[in-house]
Amino acid sequence: MALTNLNLVSVPVSDQDRAKHFYAEVLGFTVLMDNPMGEDMRWVMLQPPGASTKITLVTWFPTMPAGSLKGSVLSCDDLESTLRELEQRGVVFHEQEIQQAPWGRWKSFDDPDGNGWIVQQNAAF
C-alpha cells in the first residue's frame with residue numbers, strides 16, 4: 001500500500017471567520033487558502049508552522065456538527081514555552097498541571113466551537 005501521510009483534517013466550525021482568526025492569530029497557523037466554494041461555502045485551509053498536515057474549516061458536513069472534533073494532537077519541541085505563549089495569546093487549558101504518560105507530556109484546550117485539541121511534547125523513544 002502506498003499511503004504516505006495524513007494530508008488534511010476537516011475541523012467542523014460554526015463561523016469560519018471566527019475560527020480562521022483563532023487558528024491564524026491565536027495558534028499561529030498559516031492561512032493557505034480562503035476561497036469561495038459553491039454558492040454559500042468557502043474553502044478555508046490553514047497549516048501549523050513547519051507541518052505538512054493541513055486543516056480545513058468546514059461548515060457543510062451534517063454528521064460533523066461544530067465542535068465535534070476531539071483529541072487531535074499538536075506537537076511541539078518545548079511544551080512549557082509553547083504553553084506560556086499560547087496562554088499569553090488567550091488559550092485557556094483544561095488542566096492546571098501538565099499531564100504525563102509514557103508517550104509524552106501535554107495539556108488540552110478547546111477552540112471557540114468546542115473542538116478539542118492537545119498540545120503535546122512527545123517522549124523520546
Side-chain angles (χ1 to χ4, degrees):
M1 186 175 280
L3 298 176
T4 58
N5 67 47
L6 179 62
N7 183 50
L8 183 69
V9 174
S10 295
V11 179
V13 301
S14 60
D15 180 327
Q16 287 176 307
D17 289 324
R18 179 180 69 173
K20 178 182 168 185
H21 177 268
F22 178 79
Y23 285 95
E25 302 303 322
V26 177
L27 297 185
F29 286 26
T30 301
V31 177
L32 300 175
M33 195 177 299
D34 186 347
N35 294 331
M37 186 183 91
E39 205 166 296
D40 293 324
M41 292 188 282
R42 288 169 35 212
W43 184 259
V44 182
M45 187 167 59
L46 301 97
Q47 185 175 37
S52 61
T53 303
K54 301 160 210 58
I55 65 168
T56 184
L57 306 175
V58 300
T59 58
W60 52 84
F61 291 120
T63 57
M64 287 179 69
S68 63
L69 183 71
K70 304 292 180 192
S72 296
V73 177
L74 299 167
S75 295
C76 66
D77 293 327
D78 181 345
L79 184 62
E80 286 80 3
S81 174
T82 301
L83 295 175
R84 205 169 24 257
E85 183 175 344
L86 290 174
E87 286 172 338
Q88 290 172 351
R89 292 177 176 206
V91 174
V92 176
F93 290 94
H94 296 160
E95 305 84 8
Q96 292 290 344
E97 302 297 323
I98 292 172
Q99 305 299 298
Q100 189 160 344
W103 57 85
R105 301 165 53 241
W106 77 91
K107 277 191 172 186
S108 60
F109 69 94
D110 290 340
D111 75 3
D113 282 295
N115 292 300
W117 291 91
I118 298 165
V119 177
Q120 177 173 298
Q121 182 176 346
N122 296 329
F125 292 105

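The residues of the chain are indexed from 1 along the displayed sequence.
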Locate the shortest heavy-atom distance separating Val31 from Ala24; write the atom from each residue and the value.
-> CG2-CB, 3.8 Å
How long is the span from the CD1 atom in Ile55 to the CE atom in Met45, to the nearest 0.5 Å?
-> 10.5 Å
Nearest atoms (heavy-atom pairs only) where Pro65 meets Pro62 | CD-O, 4.3 Å
Same cluster or not: are Met33 and Leu46 linked, directly or through other Ile, Leu, Val, Met, Phe, Trp or Tyr residues, by side-chain heavy atoms under 4.5 angstrom apart?
-> no
Compile the donor-acceptor pairs under 3.5 Å between side chains in residues 4-11 and protein atoms, sequence neighbours left out, one pair per line.
from	atom 1	to	atom 2	distance (Å)
Asn7	OD1	Lys54	NZ	3.0

Give a yes or no on whether Glu95 atom CD has more than 12 heavy-atom contacts from other residues, nucleotides or ligands under 6.0 Å away.
-> yes
Please examine the side chains of Val26 and Arg89, heavy atoms only from C-beta on, and report whether any two atoms are closer than 4.5 Å.
-> yes
At what distance, to the nearest 0.5 angstrom, does CE of Met64 lie from OG1 of Thr59?
-> 11.0 Å
Find out whether Pro12 and Leu69 are in side-chain contact, i.e. whether some heavy atom of one side chain is under 4.5 Å from a heavy atom of the other.
-> yes
Should the pair Phe29 and Tyr23 be assigned to parallel (<30°), tilted (30 to 60°) or perpendicular (>60°) ring geometry?
-> tilted
Passes side chain to side chain contact (heavy atoms under 4.5 Å, CB included), Phe109 versus Leu74? Steps please.
-> CA-CA 11 Å; Phe109 69 94; Leu74 299 167; 4.2 Å; yes
Identify the heavy atoms of Pro49 and Gly28 that sit nearest to each other, and give their distance.
-> CG-O, 3.4 Å
Checking Gln16 side chain against Leu57 main chain: does a donor-acceptor pair fall under 3.5 Å?
-> yes
Reported NZ-to-CH2 distance for the pair Lys70 and Trp117, which is rounded to 0.5 angstrom = 11.5 Å
Taking the side chain as every heavy atom from C-beta outward, state whether Phe93 and Val91 have any pair of such atoms under 4.5 Å apart.
-> yes
Hey, what do you get for NZ (Lys107) to CG (Leu79), rounding to the nearest 0.5 Å?
-> 8.0 Å
Of all the heavy-atom pairs spanning Pro48 and Thr53, show the shortest one and how long it is.
-> CD-O, 3.4 Å
In terms of hydrophobic clustering (I, L, V, M, F, W, Y; side-chain heavy atoms under 4.5 Å; direct or indirect links), are Trp106 and Leu27 co-clustered?
-> no
Look up atom CZ in Arg105 and atom CG in Asn122, then write down how far apart they are to the nearest 0.5 Å.
-> 11.5 Å
Asn35 atom CG, over 12 foreign heavy atoms within 6.0 Å = yes
Could you give the distance from NE2 (His21) to CZ (Arg18), rounded to the nearest 0.5 Å?
-> 12.0 Å
What residues, two or more places apart in sequence or in another chain, satisfy ring-ring contact (aromatic ring centres under 6.0 Å, His included) together with Phe22?
-> none
Are Val13 and Trp60 in one and the same hydrophobic cluster, where Ile, Leu, Val, Met, Phe, Trp and Tyr link if side-chain heavy atoms are under 4.5 Å apart?
-> no
Asp113 side chain to Ala66 main-chain N or O, any donor-acceptor pair under 3.5 Å?
-> no
Got a sec, which pairs hit salt bridge (charged side-chain N to carboxylate O under 4.0 Å, His left out) with one end in residues 26-38, sequence neighbours left out?
-> Lys20-Asp34, Asp34-Arg42
When clusters are formed by joining ILVMFWY residues with side-chain heavy atoms under 4.5 Å apart, either directly or through shared neighbours, do Val44 and Phe61 land in the same one?
-> no
Got Ile98 and Glu80 here, is their nearest side-chain heavy-atom distance under 4.5 Å?
-> yes
